[in-house]
Amino acid sequence: MTKAMEWLGDKLRILDQSRLPQDEIFADLDNCHDVILAIKEMRIRGAPAIGVAAAYGIALGASGIKAASKHEFLAQLSQVVQSFAGSRPTAVNLFQATRRMQQAATGDSIAEIRKSLVDEAKRIHKEEIAATELLSRLGADLIGDGFRLLTHCNAGPLATAGYGTALGVIKAAKEQNKRVTVFATETRPLLQGARLTTWELMGEGIPVTLITDAMAGYFMERKKVDCVIVGADRIAANGDAANKIGTYTLAVLAKENGIPFYVAAPTSTIDLSLSSGDEIPIEERSAEEVTHIRGVPIAPEGVKVANPAFDVTPHDYITAIITEKGVIREPYTRGLDTRQ
Ligand code: MRU
């Protein structure tokens, strides 16, 4: 399985996702600033992976704090936590992780607090691995033998620091000896589908066909797609789900063509504090991501650009949400509250 990141005791080793698939480059990050930058520049990306990286980054930040007292140390630690919370706004896993790390900052001495933070980061990572493995197995039961699936963006091990969500379900279906094939949308502007999803699926020996985003309706209407499965960055209490820009379009097309539309996500992606998707903050990224492809300009200089990185799919377009605690269907308002 691809290792998106690995904790090495005093640093975080990441596989630089911005360079894949041409270059498999690992970077060792030994301070919190480099981890924040890697998240912002999407060298680490995908909701669960962002949360895990932030947790390790906070542990690294704690190890770099020079403070004369515990009080001073905790004040500086809060600033480190705040810097992570400001790195990317949409994936709620980031905020779950920063909250947990802040709460884990306990101990009689600075050394003890530092240790508690490393332990908590490792726990968050372990939980994501376990959750993605479990939800993948549960989701695989929804996939029939011979299914032709369509997925968007990248929701595999790279995006989760675990087994994967949407791609995890597809991998688990293959492990159940189901013959599955996949359409991967390229996912403009940063091409996570073309660069990462195809790379991961080919590595797993799962047949994949790369299509541009605009081709999805063509294949759905021609009955070439049996189900759509995607990940999520934040799911509101009513089941509305934010995911990579273009997901909403796919959901509408799926409904129009009578195709099931599944969202696979660990419960760390659920935000019960938001009653609907209208409240999910949508990240707006730089114009250059749209006007350029890997540094090469493709649009006239100075053109006006919009670049929302995510959209929200209303819950009534979602056939089911697959989590490690079960497969949830309407009414989501009741089903998503998995605390009981
Ligand atoms: O901007 P990105 O690449 O971080 O967006 C990632 C996605 O939208 C994924 O589909 C989502 O995080 C689910 S990952 C398991």
Side-chain angles (χ1 to χ4, degrees), residues 1-2 4-5 14-18 20 38-54 87-97 128-129 131-136 139 150-172 184-197 199-201 213 228-235 241-251 261-271 277 280-286 289-290 307-313 318 321-324:
M1 189 166 82
T2 319
M5 70 189 78
I14 62 155
L15 176 55
D16 185 343
Q17 300 191 34
S18 68
L20 288 171
I39 292 172
K40 284 185 176 165
E41 292 179 346
M42 293 176 61
R43 284 181 282 132
I44 303 167
R45 46 141 304 279
I50 292 170
V52 174
S87 58
R88 288 194 77 192
T90 303
V92 77
N93 308 61
L94 173 69
F95 305 97
Q96 308 261 23
E128 288 297 5
I129 293 172
T132 52
E133 281 176 1
L134 189 51
L135 76 85
S136 298
L150 186 144
T151 191
H152 187 53
C153 196
N154 171 260
L158 288 169
T160 59
Y163 187 78
T165 56
L167 293 198
V169 171
I170 295 170
K171 288 193 309 176
T185 54
E186 62 173 349
T187 319
R188 272 285 284 149
L190 290 181
L191 303 170
Q192 291 92 326
R195 296 187 301 104
L196 309 176
T197 298
W199 184 74
E200 288 191 318
L201 288 173
D213 297 350
V228 178
I229 183 159
V230 295
D233 287 79
R234 195 185 295 226
I235 301 173
N243 191 49
K244 180 51 57 193
I245 191 77
T247 303
Y248 168 57
T249 318
L250 294 174
F261 183 92
Y262 298 119
V263 172
T267 49
S268 57
T269 303
I270 299 170
D271 186 351
I280 299 176
I282 300 295
E283 179 181 14
E284 180 78 29
R285 291 187 60 88
S286 78
E289 291 182 353
V290 178
N307 187 14
F310 301 95
D311 58 24
V312 175
T313 299
I318 300 172
I321 298 176
I322 302 159
T323 76
E324 77 279 15

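Both ligands and their constituent atoms are indexed starting at 1 by order of listing.
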Does ligand 1 have an atom under 4.0 Å from some heavy atom of Asn154? yes
If you count the atoms of ligand 1 from 1 in the order shown, which ones are under 4.0 Å from a heavy atom of Gln192? 1 (O), 2 (P), 3 (O)
I need the nearest protein heavy-atom contact for atom 14 (S) of ligand 1: residue, atom name and distance, please. Ala159 CB, 3.6 Å
For Gln96 and Ile270, indicate whether the former's side chain and the latter's backbone hold a donor-acceptor pair under 3.5 Å. yes
Using a 3.5 Å distance criterion without hydrogens, assess whether the side chain of Arg195 forms a donor-acceptor pair with backbone atoms of Gln17. yes
Where on Ala232 is there a heavy atom closer than 4.0 Å to ligand 1, on the side chain, on the backbone, on both, or on neither? backbone
At under 4.0 Å between heavy atoms, is it the side chain or the backbone of Ala47 that contacts ligand 1, or both, or neither? both
Are the side chain of Ser18 and the backbone N or O of Asp16 linked by a donor-acceptor pair below 3.5 Å? no
What residue and heavy atom of the protein are closest to atom 15 (C) of ligand 1, and at what distance? Thr165 OG1, 3.0 Å
Mark yes or no for whether Thr165, through its side chain, and Thr132, through its backbone, hold a donor-acceptor pair below 3.5 Å. no
of all protein heavy atoms, closest to atom 10 (O) of ligand 1 is Asn243 OD1, 2.6 Å
Has ligand 1 got any nitrogen or oxygen that is less than 3.5 angstrom from a nitrogen or oxygen of Arg45? yes
Report the part of Arg88 in contact with ligand 1, treating N, CA, C, O as backbone and CB onward as side chain, heavy atoms under 4.0 Å; options are side chain, backbone, both, neither. side chain
State, without any angle test, whether Thr160 and Glu128 hold a side-chain donor-acceptor pair at a distance under 3.5 Å. no
So, Glu186 and Arg188, do they make that salt bridge, N to O below 4.0 Å? no
Quick test: of every protein heavy atom, which one is nearest to atom 7 (C) of ligand 1, and how far off is it to 0.1 Å? Asp233 OD1, 3.2 Å
Does any N or O of ligand 1 fall below 3.5 Å from an N or O anywhere on Lys244, backbone included? yes
Number the atoms of ligand 1 from 1 as they appear, then name those within less than 4.0 Å of a heavy atom of Thr160, with their elements. 15 (C)
Is there any N or O on Gly46 that sits under 3.5 Å from an N or O of ligand 1? yes
side-chain hydrogen bond (donor to acceptor under 3.5 Å, both in side chains) partners of Asn243, counting only residues at least two apart: Thr247
Test your reading of the model: is there a side-chain donor-acceptor pair from Thr90 to the backbone of Pro281, 3.5 Å cut-off? yes
Assess Glu283 for proximity to ligand 1: is some non-hydrogen atom of it under 4.0 Å away? no
Under 3.5 Å: donor-acceptor pair, side chain of Lys40, backbone of Arg88: no
